[in-house]
Q: 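Got a structure for you, questions after.
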Amino acid sequence: MDQIHPDVERILFSEHDLKACVARMGQQITQDYAGQSLFVVSVLRGAAIFMADLVREIKLPLEMDYMAVSSYGDGVKTSGVVRVLKDLTDDIKGRHVLIVEDVLDSGLTLRYLMDHLALRDPASIAVATLLHKNVPNQADVNCRYIGFECPDEFIVGYGLDYAQRYRNLPYIGVLKPEIYSSVEA
Ligand code: PRP
């Protein structure tokens with residue numbers, strides 16, 4: 001049983017749920033890409049934990065690389081214009097690229113990344129997202145692998161942060177409203 005952090009209202013996905021989900025997704029990816037090698041891209045920083053666990057469940061030769069991006073916006077709403085802070089180290093031409101994300105929210109980050117990476121002539125691009133939020137006006141992103149459908153709540157843990165904290169919680173939980181409302185006041 002996970003020990004709940006005092007700032008967390010309730011656990012949405014337990015450590016056990018996450019482990020089972022990642023194992024299932026890894027098996028599916030292993031099956032789908034049988035006989036091929038993968039180029040797995042993680043978007044820093046939130047997806048790093050999910051990627052680290054997922055690649056250990058993929059029984060195929062693979063390369064890992066990382067991108068860092070920041071969204072231009074007003075701090076509340078992203079504009080959809082993404083600036084690349086750290087690009088991939090290696091060339092993806094002719095490679096089967098799998099973008100690993102922790103959460104698809106507005107979808108603007110993934111939409112931009114897919115368009116941006118498609119210009120580099122990979123053999124294929126697919127997305128594996130741990131969480132898929134159901135939000136209105138989401139950008140059109142085709143996620144080949146989705147871990148969980150997720151309510152539109154303030155979630156933290158397993159890579160997801162609030163003000164850079166809580167990423168190291170082993171589960172995903174809903175943050176107590178007083179934690180973020182007290183800082184905003
Ligand atoms: C989060 C998440 C995705 C993005 C999804 O990153 O890791 O990259 O937001 O949101 P979208 O679908 O609305 O574009 P964030 O910018 O919070 O940075 P982080 O990964 O460093 O936490």
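Just follow the structure's listing: the first ligand is 1, and inside any ligand the first atom is 1.
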Q: I need the atoms of ligand 1 closer than 4.0 Å to a non-hydrogen atom of Glu101, numbered in the order shown.
A: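 Per the distance check, 2 (C), 3 (C), 7 (O), 8 (O).
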Q: Taking Ser14 for the side chain and Asp17 for the main chain, is one N or O donor matched with an acceptor at less than 3.5 Å?
A: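 A pair under 3.5 Å: yes.
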Q: Is there a heavy atom in Gln164 that sits closer than 4.0 Å to ligand 1?
A: no
Q: Quick one: are Gln164 and Arg45 in side-chain contact, heavy atoms under 4.5 Å?
A: yes
Q: Given Val69, Leu113, Asp102, which has its nearest heavy atom closest to atom 2 (C) of ligand 1?
A: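 The option holding the nearest heavy atom is Asp102.
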Q: Parallel, tilted or perpendicular for Tyr33 and Tyr145, by the 30°/60° rule?
A: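 Tilted: the ring planes of Tyr33 and Tyr145 meet at 30° to 60°.
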Q: May I ask you to list the atoms of ligand 1 that are less than 4.0 angstrom from any heavy atom of Ser106?
A: 11 (P), 12 (O), 13 (O), 14 (O)
Q: Taking all non-hydrogen atoms of both residues, which atom of Lys133 and which atom of Gln138 are closest, and how far apart?
A: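 Closest heavy-atom pair between Lys133 and Gln138: O-NE2, 2.9 Å.
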Q: Salt bridge between Lys19 and Glu57, side-chain N to carboxylate O under 4.0 Å?
A: no
Q: Against heavy atoms of Asp161, which atoms of ligand 1 measure under 4.0 Å?
A: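 Per the distance check, 22 (O).
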Q: Hey, does Val141 sit under 4.0 Å from ligand 1 if you only count heavy atoms?
A: no
Q: Distance under 4.0 Å to a non-hydrogen atom of Val103: what atoms of ligand 1 satisfy this?
A: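 Near Val103, meaning under 4.0 Å from one of its heavy atoms, ligand 1 has 2 (C), 3 (C), 5 (C).
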Q: Could you say whether the N/O atoms of Ala47 and ligand 1 ever approach to under 3.5 Å?
A: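 No; the residue has no nitrogen or oxygen that sits under 3.5 Å from a nitrogen or oxygen of the ligand.
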Q: If you measure every N or O of Gly159 against every N or O of ligand 1, does any of those distances drop under 3.5 Å?
A: no
Q: Any luck finding a side-chain donor-acceptor pair between Tyr158 and Asp102 under 3.5 Å?
A: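 Short answer, no.
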Q: Would you mind checking if Arg95 and Glu63 are paired as a salt bridge, meaning a charged N to carboxylate O distance below 4.0 Å?
A: yes
Q: Could you see which bit of Arg167 sits under 4.0 Å from ligand 1, with heavy atoms only: side chain, backbone, both or neither?
A: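 It is the side chain that touches ligand 1; the backbone stays farther off.
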